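Each remark here refers to the structure printed beneath this line.
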Amino acid sequence: MTGPLAAPVYALGWGLLQFLWQGLILLLAVKLAGPWLRRVSPAVRYRASLAAFFLLSFLPLCTTLVALHEFQVLSSMHMTAPAPPPVPVASPTGVQGTLTGWLPQLLLLALAGAGLFLAWTAVGWIRLRRLIHSGRPALLAPGAMAGLADAHPRPALLEAEGVDAPLVAGWRRPVILLPRGITGLMPEAELRLVLSHELAHVRRRDYSINLLQRVIEAVLWFQPAVWLLSATVRREREHCCDEEVVRSGGRPLALARALVNLEGLRSRGTSLACAVAAGDLSQRIRCLAAQTAGFDAAPGRLRALMTAGLLVLTTACAARLGARAAAIGLGTSLPVVTIHAEDPAGRFILQLQAGQARSVVLDDAIVPTERLVQHGRTLTILNEAGRAELTLTVRSDGVSWKPRPPRPS
Amino acid sequence: MTASSPALPTDAELQILRFLWTRGPSTVREVHEELYRDTDVGYTTALKLLQNMLGKGYVTRDEELRQHRYAAAVREDETMRGLVRRLIDKSFEGSAAALAMHALGAKRATAGELAELRRLIEELESGESRTS
């Protein structure tokens, strides 16, 4: 692959390769911070894992852009005189692809996978919208609907066939879907607690963030760290919403009982399980129980800051190292193009890599790199006196230059 | 979330249907001999399967002769189409659920787990009432 697109494509390929170990490092950082955050409020843990997730997602782009920039800096030199109008064109006579000929294929595989996962997500979105459309407004007792009127954004409350446990969905306008006939199956007080959990999701805009997570998971499908962090975010999110229910006056054990009863109702039905893990029920109940005992919110701020610092530092280091490695990889992996050219003054041979001059042989002598000046597509070869001896324009199909006059013999 | 799919034959029922589609109306003995010769599936099990399939409408029974003959009552192409549709449905099953926030997790709790969770809550509640 030659031409101006070669460098960005190879840079992206190297960037994604670096991403594989970068994810591991960030995951380790998160694990390290885990013990600090154990007895801190779920909100802090949620924000930490969400921050880690988004930092991780930005890494590939970051690495690629920095690597590209570094590569240009390494391989290009300073400014030169403007190019004269070019006339003849010499085309490449040899191309030598180096060891990473498979990099574009790998990139293609990554993109194909992303396409498949995004398609799966798109189908899921269509099916979800269909389910929402099939829903009818749910009529609950006024006691159960407490809090719904002041919710902002105001969610639609529907019940539908094919829903086995309450859920919140939507992108900009949230919808709460309840199993059909739930009012007859659950006492009002328990339903109110479950609904306030769902309303907590609505208030926090979790439904939108979750969609963003899914899209990122689809694009970065090949990195297990993305999936793991995403699952952690979801788990902590449930704990956060449970905590909000408690903070707004619900008894933790009443909520626990409501959740267990809801689970009992679900297990009675014949519905197929969904493939999503939102949190282990027994773990949630234990967390709720811990909330009856009260948790230690005091050291929260310091630990949150330390965690944030650790995450940012780790990401920055990973990005730096990754970009450096990618730039080096880029330098060795792009195909080198050899051009033999001739004009009345003599012959010269050029070696270019992604449009940047690597070496020049002019009149049977290798030109030292200090005398090669390239700015963008214009390559100027200076003579010993520092004057322009030959100026070439690098094109996608070769090089062109104004022919030099024949040498006086 | 659920997918309310129309009833489709199970693997065992599909095997019998394939036999009936190729060999035409057959007796229970013929089915048993051909399909379950080298297995521990007994004659009565095969009979039960066919009787269930009769109940579900997959087969019809001709009771004219002493040995009842069973014939496939569903068409092969329709059934295969239905199975392909179910396969596609199954592979996209989690796709919609993945985009929503659920009150409960994915794994269904067993009756035993539910009982244990209820017991845990009882313990915690009695502990709470003791300390308060």
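Below, read A as the first sequence line, B as the second, and so on, with proteins coming before strands; counting in each chain starts at 1. These numbers were taken from a predicted model, which means no experiment stands behind them.
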Taken to the nearest 0.5 Å, the spacing of A:I209 CD1 from B:M101 CE works out to 9.0 Å

Starting at CZ of B:R118, measure out to CG of A:N261 and round the result to the nearest 0.5 Å. 5.0 Å

For A:I285 and B:L120 the tightest heavy-atom approach is CG2-CD2, 4.0 Å

Would you say CZ of B:R69 has more than 12 non-hydrogen atoms from neighbouring residues, nucleotides or ligands within 6.0 angstrom? yes

Identify the heavy atoms of B:A103 and A:E198 that sit nearest to each other, and give their distance. CB-OE2, 3.1 Å

Under 4.5 Å from any heavy atom of chain B - which part of A:R237: side chain

Tightest non-hydrogen contact, residues B:A98 and A:N210, listed as O-ND2, 3.3 Å

Determine whether more than 12 heavy atoms belonging to other residues, nucleotides or ligands lie under 6.0 Å from atom CD of B:E116. no

Any A:E263 side-chain heavy atom under 4.5 Å of B:L114 side chain: yes

B:K56 atom NZ, over 12 foreign heavy atoms within 6.0 Å: yes

Is A:R127 reaching over with its side chain to a backbone N or O of B:S95, donor-acceptor style, under 3.5 angstrom? no

Minimum heavy-atom separation for A:V123 to B:F92, with atom names? CG1-CD2, 3.5 Å

Does B:E78, at its CD atom, have more than 12 non-hydrogen atoms belonging to other residues, nucleotides or ligands within less than 6.0 Å? yes

Against chain B, label A:D206 side chain, backbone, both or neither, depending on which of its atoms sit under 4.5 Å from a heavy atom there. both

Nearest 0.5 angstrom please: A:R257 CZ to B:L117 CG, how far? 11.5 Å

Where is the tightest heavy-atom contact between B:L99 and A:G124, given as atom of each residue plus distance? CD1-C, 3.7 Å

Under 4.5 Å between any side-chain heavy atoms of B:H102 and A:R234, yes or no? no

